[in-house]
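Written out below as structure tokens is the structure these notes cover.
These numbers were taken from a predicted model, which means no experiment stands behind them.
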2 protein chains.
Amino acid sequence: MSKTTLVSLAESLGVSRQTVSNVINAPHRVKPETRMRVQHAIVESGYRPSAAARQLRTRRSMNFGIRMMPVVDGINGSILDRFLHALTEAAQEEGYRVTLFCADTDAGEIRQYEELLKVADLDGFVLTGTHHGDHRTAWLLEHGIPFAAFGRPWSSIEDPFGSLHPWVDVDGGAGTEQATRTLIEQGHTAVGFLGWPGGSGAGDDRRAGWARAMRAAKLPTDSLDIQADDGVPAGAQGAEQLASKGATAVVCASDSLALGALAKLRQLHPEQASPALIGFDDTPVAAAVGLSSVSQPTEDAARHIVAVLAHQLAGSSSPHGDEEPAPERHLLLPPTLIQRTPYSFSSST
Amino acid sequence: MSKTTLVSLAESLGVSRQTVSNVINAPHRVKPETRMRVQHAIVESGYRPSAAARQLRTRRSMNFGIRMMPVVDGINGSILDRFLHALTEAAQEEGYRVTLFCADTDAGEIRQYEELLKVADLDGFVLTGTHHGDHRTAWLLEHGIPFAAFGRPWSSIEDPFGSLHPWVDVDGGAGTEQATRTLIEQGHTAVGFLGWPGGSGAGDDRRAGWARAMRAAKLPTDSLDIQADDGVPAGAQGAEQLASKGATAVVCASDSLALGALAKLRQLHPEQASPALIGFDDTPVAAAVGLSSVSQPTEDAARHIVAVLAHQLAGSSSPHGDEEPAPERHLLLPPTLIQRTPYSFSSST
DNA sequence: TTGTAGGCGTTATCAG
DNA sequence: CTGATAACGCCTACAA
């Protein structure tokens, strides 16, 4: 019982291999009767076309590449899990496979593009963590390689005409804005922002959302804006500064910062069980300690990225087709504010 | 400037394509002089052999498959990130690529094996989360598919002769044993264990380590062994029970449980800043809240898995070879106890 | 509607 | 030590 191939199948059916191929790739050109017969034989035999042979002929691998970023902060990195899972799942459903690769730098990533395109004929790439002056998008555009980014183009350098390539992103600013508004509605008038130093696209975006909400409520923002490198200790320190400036509530650019802030605020105000504090990313940590957080629709983003990429690839090969409605090439998804109260640990038996 | 191939390269050098192929796959059979010349031309032109063509011919894809488990508990799942990264990196260094796939169940995973073997000629698989009566290992063994598992075979059902397949695992029992011993050395005589219900290989293993340490110190274990489903709330509840039984320190089977326990113990004993508590897995959460935890050498495990798998695959194709020393087929790695003190948040300026 | 011919880039086999 | 020839499994023409 060796492996079934197009030929072996055709022989055993008394048709030409071409007919079998047509049944698979262009069913409409085969007489219904024989089509049925062949299709039946296909499932019967468990036949599956060889990707290698197909790839050799068509120069398409039905394969996406995505880079594993070096693990930096496990807290924020852990949303990648969900993203990757959703991405793989969606790709699988569209008939694509996902190939992983590693690179330490963006330049290394570009080198991997070259390599993978040459040896594995990858059909496209999924980018994450786009930033100002991203060379990767420029390179891919320049070489005409299909790709989609999780993260919008943050500057006009790599994308002078705006939105040259498909991307999906989460509207971080809307998230912090909503978070801030919520705190204001709860009666806070001095809501501080604890974010990263300026220059990072996502960070500035989140800061802007906070500022918008404050302005809308005609509240002052002076000295309520703290810049800190990401991390728990920095969060604690930042929270202390904010407290000393009179802030009674804090919106953070990450759960790491928020976690530090949480501990510090509890220390400063042991009397109040749940400090007015909102993190970002809704990482498992936030859920674990009962921290409110802005949740990114990671899975939706992943699915849409696959949809865009797949559509792009399908479109270029089947020129006739207006079958599927084109998915948005640029999509800004709204995040969700997850409100929690820190665990009370009521002594339930 | 179209893509360089074996032929185009051979032509431009005035040799046969076979010679070029030999330079790549069997350098020793080519006269040093021409070999050098060809090698030079190869780097010069940036030529890379086509994986598809190679795969078609050799039936090997230089590709591993690994399943993305459905995301359950982000806390414990986040170590997967590190594992995956290390795995990909190691594979890349050995010339392999990593293909991701999804499955909701073990049966689904097996179905994917079949599919991926047929269409993509995957050379082998990496398994994670092995458990009692694992059908996956049985299937792979039965079909002679190369694979290596992160996790030992937990019962003799799927591996009646013991260790039929390569695996790498972390000695969880040694971890909890060390953790327990450490707490005993700190003066505790009633160290409780907060673990999962019996039946899971890893869980029982961790419990056994705690019991060993207690016995070795001639301390009683009665009513100090709590079984709780994984999760933060369950951890808090379990810690309460343990406290009521007189436990003064707790070793946990996971960071999730430990996190719940931490909060509960702090609530019960506000006076002591850092409860005697040790978690398991050293997840980012543990690091974030300053929780001591048993750390698994995930990266080492991943690297070794690749080494074993690659060796196995190379061995079967180059029968002459005693080049590389064979990596251990079964490896039990010792974990490390990471000792932390919960953040004090000293008001440093 | 179906069949035939050729080739995608490689490696294996077997002559020179 | 080198080169010609024949696959590997599939798809895209084109011919019947």
Side-chain angles (χ1 to χ4, degrees), chain A residues 2-39 41-42 45-63 95 117-121 123 317-320, chain B residues 2-39 41-42 45-63 95 117-121 123 317-320:
Chain A
S2 75
K3 197 182 283 181
T4 20
T5 79
L6 217 47
V7 232
S8 76
L9 205 65
E11 276 174 359
S12 74
L13 282 172
V15 299
S16 86
R17 65 185 181 202
Q18 185 49 30
T19 304
V20 183
S21 173
N22 279 335
V23 169
I24 295 171
N25 301 304
H28 60 278
R29 344 197 102 219
V30 177
K31 178 164 59 178
E33 186 186 314
T34 39
R35 189 202 308 160
M36 298 292 260
R37 204 159 62 92
V38 173
Q39 273 167 342
I42 287 178
S45 64
Y47 166 75
R48 309 259 56 205
S50 147
R54 200 171 241 184
Q55 176 179 343
L56 191 56
R57 193 68 184 90
T58 62
R59 327 248 64 193
R60 299 188 52 200
S61 63
M62 296 303 281
N63 230 291
L117 286 169
K118 272 198 257 195
V119 343
D121 289 316
D123 293 338
S317 84
S318 68
H320 68 291
Chain B
S2 75
K3 196 181 282 182
T4 18
T5 77
L6 219 46
V7 225
S8 76
L9 205 65
E11 275 173 359
S12 75
L13 281 172
V15 299
S16 86
R17 66 185 176 202
Q18 186 51 28
T19 303
V20 182
S21 172
N22 280 334
V23 168
I24 294 170
N25 301 302
H28 60 280
R29 352 194 93 220
V30 176
K31 181 164 56 178
E33 186 187 313
T34 39
R35 191 202 308 161
M36 298 292 260
R37 204 160 60 93
V38 173
Q39 274 168 342
I42 287 178
S45 64
Y47 165 75
R48 308 259 55 205
S50 146
R54 204 169 234 187
Q55 178 179 341
L56 190 57
R57 192 66 184 110
T58 63
R59 327 248 67 203
R60 299 188 52 200
S61 61
M62 296 302 281
N63 229 291
L117 287 169
K118 274 197 254 196
V119 341
D121 290 314
D123 293 338
S317 83
S318 68
H320 68 292

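- Rounded to whole Å, atom C1' of C:dT10 lies 12 Å from atom CD of B:Gln55.
- Rounded to 10 degrees, the angle separating the terminal helix axes of the helix from C:dT1-D:dA16 to C:dG16-D:dC1, each built from five base pairs, is 40°.
- Look at CD1 on A:Ile24: it is 8 Å from P on D:dC10, rounded to the nearest Å.
- At whole-Å resolution of the value, CG in B:Asn25 and P in D:dT2 are 15 Å apart.
- Legend: salt bridge (charged side-chain N to carboxylate O under 4.0 Å, His left out) pairs involving residues 6-24 of chain B, not counting sequence neighbours: none detected.
- Remark: P of D:dG9 and CZ of B:Arg54 are 18 Å apart, rounded to the nearest angstrom.
- When the side-chain nitrogen and oxygen atoms of A:Thr19 are compared with OP1 and OP2 of C:dT2, none of them lie within a distance under 4.0 Å.
- B:Ser16 has a side-chain polar atom (N or O) that falls below the 4.0 Å cut-off from OP1 or OP2 of D:dG3.
- The salt bridge (charged side-chain N to carboxylate O under 4.0 Å, His left out) contacts involving residues 46-55 of chain A comprise A:Arg48-B:Glu115, where partners must be two or more places apart or lie in separate chains.
- Interatomic distance, B:Thr58 OG1 to B:Met62 CE, rounded to the nearest 0.5 Å: 9.0 Å.
- Distance B:Arg48 CZ to C:dT10 P: 11 Å, rounded to the nearest Å.
- Residues satisfying the side chain to side chain contact (heavy atoms under 4.5 Å, CB included) criterion with A:Ser16, sequence neighbours excluded, are A:Gln18, A:Thr19.
- OP1 or OP2 of C:dT1 has not a single side-chain nitrogen or oxygen of A:Thr34 nearer than 4.0 Å.
- Using a 4.5 Å heavy-atom threshold, the side chains of A:Ser45 and A:Leu9 count as touching.
- One interatomic measurement links the two molecules: CG of B:Asn22 to P of D:dG3, which rounds to 10 Å at whole-angstrom precision.
- Look at CG on B:Asp121: it is 14 Å from C1' on C:dT10, rounded to the nearest Å.
- In this structure, A:Leu6 reaches the sugar-phosphate backbone alone: every heavy-atom distance under 4.0 Å involves primed, P, OP1 or OP2 atoms, never a base.
- Atom pair B:Lys118:NZ and D:dG9:P shows a separation of 14 Å (rounding to whole Å applied).
- Taking only side-chain atoms of A:Val15, from C-beta outward, the nucleotide of D:dC10, D:dC11, C:dG3 with the closest atom is C:dG3.
- Here the nucleotide nearest the side chain of B:Lys31, chosen from D:dC1, C:dT10, D:dC10, is D:dC1.
- Contact record, A:Ser61 with A:Asp123: N-OD1, 3.0 Å, taken as the closest heavy-atom pair.
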Between the protein and nucleotides 13-16 of chain C, list every N/O to N/O distance that falls short of 3.5 Å.
none

Pairs under 3.5 Å (N/O, protein and nucleotides 6-8 of chain D):
unit_1	atom_1	unit_2	atom_2	d
D:dA6	N6	B:Arg17	NH2	2.9

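- Counting only heavy atoms from C-beta outward, the side chains of B:Arg60 and B:Asp121 never approach each other to under 4.5 Å.
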